[in-house]
Amino acid sequence: QTPRPIYKDALPPEVEASNIDKPILYRDANCVCAASQMVWLGLECKNIDYLTVLVEKPFNLRSDESANRRIENANDEKNSMIPRIVWPETESNGDEMKNNDKNNQPTSDPIKLLEQIHSHYPAATPNFYPKLSAAVDASRCNILRFPGVMPRLSDPNFMSHAPLLFRPDGTLVPKSSHCVSLEELEEMLEEYYLGPYLCGKDVTAADVAWIPYLERYAVQLPMVYPNVDVLNPRSSDAYGEVWKWFLAMERDVPAYACAVMGDGRLWKRCLEEVVELHNERAATEEEKVTLGPEPKRKGWWMKNNPKGLELWKEYAEGRPWLGGTPEWEVALFLIRNREEIMKECGVDGADEALREVVQRLLYGDAGATLSEKACQIVQFVGERVSVPKDLGMVPALALW
């Protein structure tokens with residue numbers, strides 16, 4: 001089936017003029033904005049049928065006034081509201097929506113947008129706000145705990161690129177603060193012992209709200225402080241419950257693993273950008289950060305997933321525009337981007353080599369060896385594909 005359309009900057013006039021009966025998500029085109037990732041994951045988790053408009057979102061990583069003016073000049077009023085959801089004028093039952101309904105008001109607050117998603121689709125699973133008891137609204141409570149649990153006073157301008165690591169005064173968030181925060185998160189997860197998620201056995205809005213920031217944090221904190229177990233959020237020895245939570249999100253939440261999860265290379269690039277700015281304003285030489293060399297292992301930035309095929313089958317069900325397997329999805333990506341790949345890859349006989357790769361992905365032949373040129377195509381695409389901008393993590397793994 002034809003892929004679900006994704007528009008750039010704005011809806012085409014003919015689409016905007018039609019009677020759109022689906023929500024429209026406006027999100028960051030480069031998949032860096034943490035708030036956009038949160039709302040995107042919320043819609044995907046509930047398997048909502050929606051339209052997407054990708055907007056180039058400028059980020060103000062500097063706090064000086066000249067940078068602020070540049071951002072303001074680059075932004076119009078609508079583009080400053082990223083993410084946002086435009087809801088259809090009528091409900092699915094045909095009733096006209098109330099313009100003053102708080103669940104239909106424009107906002108770029110991701111927490112409010114998660115509330116709107118649940119309000120419009122309360123019956124769609126998972127239940128974002130389950131009542132564990134008559135008095136306990138654990139999901140909303142755990143969302144509110146984030147700023148109190150995680151390191152305080154970090155630079156708010158860096159929350160999408162490198163959250164919780166650097167302070168506006170040119171100092172690093174102390175190592176002790178990271179340890180305390182991770183220990184508190186460990187205790188939070190121990191409170192709900194019936195399952196690995198923040199509220200127990202099922203994923204909720206709390207997990208959707210926390211994962212964008214902790215995904216970045218888990219990649220970047222060990223890059224700033226390498227080889228320190230208590231400064232690695234994914235250490236199974238230091239933080240066993242946190243480790244189980246990451247695994248549960250990656251191996252049991254298809255929408256996250258197959259569509260929304262970012263990779264280590266993306267977050268390393270974002271960290272490098274922030275480190276450069278931090279070092280310019282570092283309070284002392286000791287506060288400057290030097291990142292280590294990039295790992296030499298091929299595909300180091302990917303997170304292997306032993307449940308990838310199972311997750312993809314569950315995710316693709318009801319989404320007929322997707323390939324039936326991760327390999328098929330990659331084949332579709334290569335076919336759709338054939339002209340650009342052939343133009344940029346620098347491989348003689350690229351057309352034939354690309355056909356060989358697609359053939360292998362579609363029909364498989366584990367015993368056969370790809371030709372040298374086909375391997376060059378795979379390497380070219382694998383090193384340039386952006387996760388999740390171009391492909392989700394699970395299908396992207398099929399390249400490796």
Side-chain angles (χ1 to χ4, degrees), residues 28-34 36-37 40-41 59 158-165 211-229 231-236 242-243 245-251 253-276 289-309 311-312 315 326-327 329-330 333-334 337 341 344-345 357 361 375-400:
D28 170 34
N30 294 310
C31 298
V32 171
C33 172
S36 290
Q37 186 182 17
W40 181 19
L41 179 58
F59 289 92
F158 296 166
M159 284 302 286
S160 282
H161 285 71
L164 311 169
L165 302 175
I211 191 62
Y213 302 105
L214 292 190
E215 173 187 307
R216 293 156 173 75
Y217 188 62
V219 171
Q220 296 168 342
L221 182 61
M223 290 182 175
V224 176
Y225 300 109
N227 305 315
V228 182
D229 208 36
L231 294 175
N232 181 358
R234 296 187 66 107
S235 168
S236 58
V242 180
W243 174 71
W245 179 74
F246 277 116
L247 287 188
M249 292 298 295
E250 294 163 4
R251 299 183 181 183
V253 183
Y256 178 63
C258 296
V260 181
M261 179 183 178
D263 67 10
R265 180 168 55 185
L266 173 62
W267 304 136
K268 183 176 188 294
R269 289 172 181 167
C270 288
L271 177 61
E272 288 169 344
E273 188 175 352
V274 169
V275 164
E276 182 178 351
V289 172
T290 301
L291 299 177
E294 191 169 282
K296 295 181 179 180
R297 176 175 58 85
K298 280 187 176 181
W300 63 266
W301 54 89
M302 306 295 289
K303 188 63 65 178
N304 189 36
N305 198 323
K307 295 178 67 176
L309 180 58
L311 286 167
W312 185 259
Y315 178 70
E327 288 80 9
E329 183 66 12
V330 176
F333 172 79
L334 296 178
N337 294 276
I341 293 170
E344 301 291 336
C345 69
V357 175
L361 289 165
C375 289
Q376 290 173 356
I377 292 287
V378 171
Q379 182 174 351
F380 173 82
V381 175
E383 290 181 351
R384 285 160 181 79
V385 73
S386 178
V387 176
K389 180 181 177 181
D390 300 323
L391 282 171
M393 179 70 79
V394 166
L397 281 166
L399 283 165
W400 299 98

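Everything quoted here is computed from the prediction, not taken from an experiment. Residue numbers count from 1 along this sequence. All values below come from the heavy atoms of this structure, side chains included, with hydrogens, waters and symmetry mates left out.
Between Val387 and Trp301 the shortest side-chain heavy-atom distance does not fall below 4.5 Å. Within the 4.5 Å cutoff, side-chain heavy atoms of Leu266 are placed close to those of Pro388. For the pair Phe59 and Ser160, the minimum side-chain heavy-atom distance is below 4.5 Å. Contact check for Val330 versus Val381: no side-chain heavy atoms found under the 4.5 Å cut-off. In this structure, Arg265 and Ser386 have side chains that are not in contact, with every pair of non-hydrogen atoms separated by 4.5 Å or more. Within the 4.5 Å cutoff, side-chain heavy atoms of Leu309 are placed close to those of Pro326. Side-chain contact between Val357 and Gln376 is absent, with no heavy-atom pair separated by less than 4.5 Å. Counting heavy atoms from C-beta on, the side chains of Phe158 and Leu165 never come closer than 4.5 Å.
Salt-bridge check for Glu215 with Lys303: failed, with every basic side-chain N at 4.0 Å or more from each acidic carboxylate O. For Glu273 and Arg269, the salt-bridge test fails: no basic side-chain N is under 4.0 Å from an acidic carboxylate O.
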Before giving the answer on side-chain contact (heavy atoms from CB on, under 4.5 Å), spell out for Arg234 and Leu247 the whole-Å C-alpha distance, their side-chain angles and the decisive distance to 0.1 Å. CA-CA 9 Å; Arg234 296 187 66 107; Leu247 287 188; 4.2 Å; yes
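Remark: side-chain polar atoms of Lys307 are paired, donor with acceptor, to backbone N or O of Arg251 under 3.5 angstrom. Side-chain N or O atoms of Asn305 include one that pairs as donor or acceptor with a backbone N or O of Glu250 at under 3.5 Å.
Looking at every heavy atom in both residues, Trp300 comes nearest to Pro295 through CD1-O, 3.5 Å. Pairing each heavy atom of Met302 with each of Ala396, the nearest pair is CE-CB, 3.4 Å. Minimum interatomic distance between Leu311 and Ala257 (heavy atoms only, all atoms of both residues): CD1-CB, 3.9 Å. Of all the heavy atoms in Ala218 and Pro222, the pair that sits closest is O-CD, 3.2 Å. Smallest separation of non-hydrogen atoms from Leu214 and Phe246: O-CZ, 3.6 Å. For the residue pair Gln37 and Trp267, the shortest heavy atom distance occurs at OE1-CZ2, 4.4 Å.
Less than 6.0 angstrom separates the ring centroid of Tyr315 from the ring centroid of Trp312.
In this structure, the separation between CE on Met393 and CG on Asp263 is 5.0 Å, given to the nearest 0.5 Å. Met159 contributes atom CE, which lies 11.0 Å from atom SG of Cys33 (distance to the nearest 0.5 angstrom). Atom CG of Leu164 and atom OH of Tyr213 lie 9.5 Å apart (nearest 0.5 Å). Atom CE of Met223 and atom CG of Leu291 lie 7.5 Å apart (nearest 0.5 Å). Atoms CZ and CG, on Arg216 and Leu271 in that order, are 12.0 Å from each other to the nearest 0.5 Å. Note that the CG atom of Leu334 and the CD1 atom of Ile341 stand 5.0 Å from one another [nearest 0.5 Å].
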